[in-house]
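The structure appears right after this line, and notes come after that.
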Amino acid sequence: MKRILRFLIVAAVCITCSCSSYAQDASAAPTHGIVIANMDRSVKPGDDFYRFANGEWIKRTEIPPDRAEVDVFSLLDDVSNKRTAELIQEIAKSNPPAGSGARKVADLYNSYMDEAAVEAKGLAPLRPHLEAIAAIRDERELARALGESLRADVDPLNNTNFYPPNLFGLWVAPGFSDSEHYTAYLLQGGLELYDREYYLSDSESMRAIREEYKAHIAAILKLAGLTDTDARAARIFDLEHAIAQTHRSLADNEDIHKANNPWTQADFPAKAPGLDWAEYFRGAGLSQAKSLIVWQPEAFTGEAALVASTPLDTWKDWLAFHLIEACGGVLPKAVAEERFAFFGKVLFGAQQQRPRWQRGVFLVDDLLGDAVGQIYAQRYFSPEAKAQAQAMVANLIAAFRKRIEALAWMNPATKAEAEAKLSTLYVGIGYPETWHDYSNFEVKPGDIFGNIWRGHLSEYQRQIARLGETVDKKEWCMTPQTVNAVNLPLQNALNFPAAILQPPFYDPLAPAVVNYGAIGSVIGHEISHTFDTEGSTFDSKGRLRNWWTPEDLKHFEDATAQLAAQYDTYKPFPDLSLNGKQTLAENIADVAGISAAYDGYKASLAGNTAPTQDGFSGDQQFFIAFGQNWGSKTREAALRQLVMTDSHAPGEYRAATVRNIDAWYAAFHVQPGEKLYLAAPDRVRIW
Ligand SMILES: [Zn+2]
């Protein structure tokens, strides 16, 4: 449900640990319920519900200098990161037994923190890899090197990461047609600036970023001791620009129907000539994979053609540059600072790099997330909190069941499959049933460069080793310490990590109505992904199979087109509107989530009236709690990036979801003429 922007910022800037909190000021007594002090009651809820719910918080909150944004998620991240940091630092000092997961955590963290050793080694750890690139003599060796660089670094469905910096990216997941077995998916890649828009957009800000980027490429090459760096940088940029022209847009990437393209090994040279595919797959260790799903065939055709048509030396420079970027976080300070100056400041508008220990915590979390998560879950997620959250999930599922039963437009056969999806849905709460095995990841004290290299490689090898194996439907794709929630359509499963199940989203001491409005809407959002534009294409077994009749689909598409049009009208900047199509799936989920959560809340009252808080009725608290999920402040550069590349609308517009809910109008007496007012036929009802 949260967005890739978070990961991009984290990747560039790494984590932080501030002491601010959405829930309350440090000086105030803890509150359990909606946070009155964060509201601006001078704003009419019908004019700007987002500022009504969050206005005072927005006024008094400053974006920390090392951040591109601050919101409820990032504040909860702080809590989780602080806890994770304490855990890791505790482990790092505790001299754990050799061979244990804790030992790996300790050695990885300590090797990152030994900055003096990193500086003393300089670029020496990088040299053998640069020399291997320099030694490439022909297109066959180039293809092999490109194959060797493939990593399991994308996830187009669960974590929605579409941007591998290597030529292509690999995702190992249940197959579209055979969801019982792990299958290889290949995605377009090759861009350090993530999305094609950065290379192709005509806007002034994008043109400015491109100039800064060229200077950054040259600076990195210079730091690596290469010569003629301006000319090389220009050629690398031109190659990436050409790659971008072959790429699919984000909106098209998210269209699953365009992604199911199984290619046999023989299809690759026939459909995408120019790259020595046999050698590429040998380098990638994928020669045995009989069939791979190619997400964007035209990009594979285009990128393979560029391998043939672009001079070998340009590709070698491109490989060297991408190698340094991939390892930049563990190279000497000069490289890390140059990377921050571009990715942190120019691309995301952050002012200051986070302290090294915080970046070290993020690195460990990334490479040994479950080893940390196992201890995190034991310490921070009580069985009582788990049981209460499970009860709420059960109520939300019951609410969805009723809504589906009551739908007049849906065919009985479609309803039966929807019911089957609800019945077989696996809802993971807090932490996974089994933990990730890191036995193939060798962590050596004092070798941070080798450690991250081996970490990514061992994860890649773990992923390709299970191709063809039976799928574990209860496998998680997030660690317990992650502040997020996710729907895994190919497994018909949801994950709600421990770290998101805490105030202000979820507070066992708060009135039920507030939990339903806050985390209940989030849970409803995730459940609804089971039935939305993505979910309607995956059946109860997780297979890519449309289980709707054409009439069902027609109604759904009409209703969702109305929602896309509603979001197209929002303009965060005079020259930039939201893209209703790009954000459609998430906006549908928001409407559905709040609707089901409202039902669940009503059912939980069992005919009683909810207690008031500070004069606010139960219904008012419900909607305010929902609105307070979305309090956020984002720097302009990051907000523009989000609007262009993210599948979620910015928080302000997510809070405006309420204008589609009849009960919101009654709760706040919203009248025609107020800015968010929609006449009843214009309110979008999907479920
Ligand atoms: Zn979502």
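Keep in mind that the numbers below use all heavy atoms, side chains included, and drop hydrogens, waters and symmetry copies. In listed order, ligands and their atoms are each counted from 1. Numbering starts at 1 and runs along the sequence shown.
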Expected list for residues 492-503: side-chain donor-acceptor pairs under 3.5 angstrom, two or more places apart:
unit_1 : atom_1 : unit_2 : atom_2 : d
Asn492 : ND2    : Lys421 : O      : 3.1
Asn492 : ND2    : Thr424 : OG1    : 2.9
Asn495 : OD1    : Cys477 : N      : 3.0
Gln502 : NE2    : Ala499 : O      : 2.6

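Using a 30° and 60° split on the angle between ring planes, Phe623 and Tyr598 fall in the parallel class, below 30°. Aromatic ring orientation, Trp630 versus Phe626: perpendicular (interplanar angle above 60°, classes split at 30° and 60°).
Nearest N/O/S atom of Glu586 with respect to the Zn ion (ligand 1) is recorded as OE1.
Not one N/O/S atom of Glu526, from backbone or side chain, sits under 2.8 Å from the Zn ion (ligand 1).
When rounded to 10 degrees, the angle formed at the Zn ion (ligand 1) by NE2 (His525) and NE2 (His529) equals 90°.
The side chain to side chain donor-acceptor pair (under 3.5 Å) check on Asp507 picks up His32, with sequence neighbours excluded.
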